[in-house]
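Reading through the structure tokens given below for one structure.
Quick caveat: nothing in here was measured; it's all calculated off a predicted structure. Just so you know, these numbers use all the heavy atoms, side chains as well, and skip hydrogens, waters and symmetry mates.
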Amino acid sequence: MSSVLVLDDVHVRYGGSHVLQGVSFEVPATGVTALLGRNGVGKTTTLKAVLGLAPRTGSVLLRERDIVREPTHRIVAGGIGYVPEDREVFGGLTVEENLRLVGPAEGADAAIVRELFPDLVQRRTQRAGTLSGGQQQMVALARVLLRENDLLLVDEPTKGLAPKLVTEVADVLARVAESTPVLLVEQNLPLVRRIADTVVVLDAGRVVHRGDARELVEDQALTQELLGVSMRREGAA
């Protein structure tokens, strides 16, 4: 299977901290790849390294083009969409205005927004800062989907959400992954089992496991060893 993204020996250093220590893995050109690991092992830093938001060395190939020396704006324009952990919607702007920041011809009238986020169409004039956490997450997802992307980087989209909203986010990501590969940072193992095809596990800034998502999540001993959790302690997606 071809790869949309290839990281090879990627290092990130902040001052005296060596956060990523030779991270290497590939993201297939289809489906969802889940990036897993305990808190603080470098998952978000890995996404930022891909985007050029963290000082990195090594090789980062997007569809065989090395982007490690490119600035972030050029990387994004070149085909990577990013949904950060804290959503980062503009609270003082309406839903419509948040979506139109992507481009003057896009917004709540775009076909993908109408199809995947009908609630946002109804709330188009509501200020984003007054939305619930789940609704803000939908705005963040919709905003990035209004562009054509070769790859989506999505950082903990279900963090702090109620179970019903977790299911809605999972549904959207599963639909998106039918046409655009997703590199997903996520702690919810039932969600990973449901929508992810492959997993990459980090520990202390290094890749310690790659493999099939379902096989990992259903192996209680291995999830306990690698992640310190098991499905028995996780809620449903």
Side-chain angles (χ1 to χ4, degrees), residues 3-28 31-62 66-70 72 75 80 82-88 151-160 173 181-235 237:
S3 299
V4 64
L5 183 73
V6 180
L7 281 70
D8 184 22
D9 194 30
V10 173
H11 294 255
V12 170
R13 293 176 173 85
Y14 289 110
S17 299
H18 195 176
V19 182
L20 298 188
Q21 303 179 28
V23 167
S24 300
F25 65 88
E26 300 183 9
V27 176
V32 176
T33 299
L35 186 60
L36 308 179
R38 295 177 173 88
N39 291 333
V41 299
K43 303 185 298 297
T44 295
T45 299
T46 299
L47 300 189
K48 290 183 175 181
V50 172
L51 287 162
L53 295 173
R56 75 272 201 233
T57 60
S59 174
V60 180
L61 301 180
L62 176 65
D66 196 342
I67 59 174
V68 77
R69 297 184 183 278
E70 294 185 7
T72 299
I75 293 171
I80 294 185
Y82 178 46
V83 182
E85 178 180 357
D86 296 323
R87 298 154 192 154
E88 296 183 6
L151 172 68
L152 292 183
L153 309 181
V154 184
D155 195 355
E156 297 210 35
T158 66
K159 181 179 178 182
L173 290 175
V182 177
L183 179 58
L184 171 69
V185 172
E186 182 55 68
Q187 301 280 9
N188 186 311
L189 292 185
L191 184 148
V192 170
R193 180 178 62 181
R194 176 183 165 193
I195 71 171
D197 303 286
T198 59
V199 292
V200 177
V201 181
L202 297 183
D203 188 25
R206 299 176 183 271
V207 174
V208 294
H209 179 84
R210 305 180 189 87
D212 180 83
R214 183 174 292 272
E215 289 180 3
L216 171 63
V217 173
E218 293 182 352
D219 188 329
Q220 299 288 338
L222 190 56
T223 56
Q224 185 66 44
E225 175 188 347
L226 294 175
L227 305 173
V229 297
S230 68
M231 285 291 291
R232 297 187 187 95
R233 291 161 50 189
E234 291 288 316

| task | Please step through side-chain contact (heavy atoms from CB on, under 4.5 Å) for the pair Lys159 and Gln187, ending with a clear verdict. | result | CA-CA 8 Å; Lys159 181 179 178 182; Gln187 301 280 9; over 6 Å; no

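- With sequence neighbours left out, Leu61 forms a side chain to side chain contact (heavy atoms under 4.5 Å, CB included) with Val6, Ser59, Asp66.
- With values rounded to the nearest 0.5 angstrom, Glu70 atom CD is found 9.0 Å from Ile80 atom CD1.
- The shortest heavy-atom contact between Gly52 and Ile75 is N-CD1, 4.1 Å.
- Residues in residues 32-48 take part in no salt bridge (charged side-chain N to carboxylate O under 4.0 Å, His left out) pair, two or more places apart or across chains.
- Within the 3.5 Å criterion, the main-chain N or O of Leu183 finds no donor-acceptor partner in the side chain of Thr33.
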| task | Applying side-chain contact (heavy atoms from CB on, under 4.5 Å), run through Val207 and Leu7 and close with a yes or a no. | result | CA-CA 11 Å; Val207 174; Leu7 281 70; over 6 Å; no

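- Applying the salt bridge (charged side-chain N to carboxylate O under 4.0 Å, His left out) test to residues at least two apart or on different chains, the pairs with a partner in residues 208-217 are Arg214-Glu218.
- Scanning both residues, Ala49 and Ala54, for their nearest heavy atoms gives N-CB, 4.0 Å.
- Looking at Leu226 and Asp203, their side chains never come closer than 4.5 Å, going by heavy atoms from C-beta outward.
- The two residues Val185 and Pro157 have their closest heavy-atom pair at O-CD, 3.6 Å.
- Taking every heavy atom of both residues into account, Val50 and Arg56 meet most closely at O-NH2, 4.1 Å.
- Across every non-hydrogen atom of Pro28 and Pro181, the tightest pair is O-CB, 3.6 Å.
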| query | Hey, mind stepping through Ile195 and Leu184 against side-chain contact (heavy atoms from CB on, under 4.5 Å) and telling me if it holds? | reply | CA-CA 10 Å; Ile195 71 171; Leu184 171 69; 4.0 Å; yes

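- For Asp219 (side chain) and Ala221 (main-chain N/O), a donor-acceptor pair under 3.5 Å exists by modelled atom type.
- At least one side-chain heavy atom of Val60 sits less than 4.5 Å from a side-chain heavy atom of Leu5.
- Rounding to the nearest 0.5 angstrom, the gap separating the CG atom in Asp155 from the CD atom in Glu186 is 9.5 Å.
- The CD1 atom of Ile67 sits 5.0 Å away from atom CG of Leu62, with the distance rounded to the nearest 0.5 Å.
- Atoms OH and CG, from Tyr82 and Leu151 in turn, are 12.5 Å apart once rounded to the nearest 0.5 Å.
- Between Thr223 and Leu216, the shortest heavy-atom distance links the atoms CG2-O, 3.0 Å.
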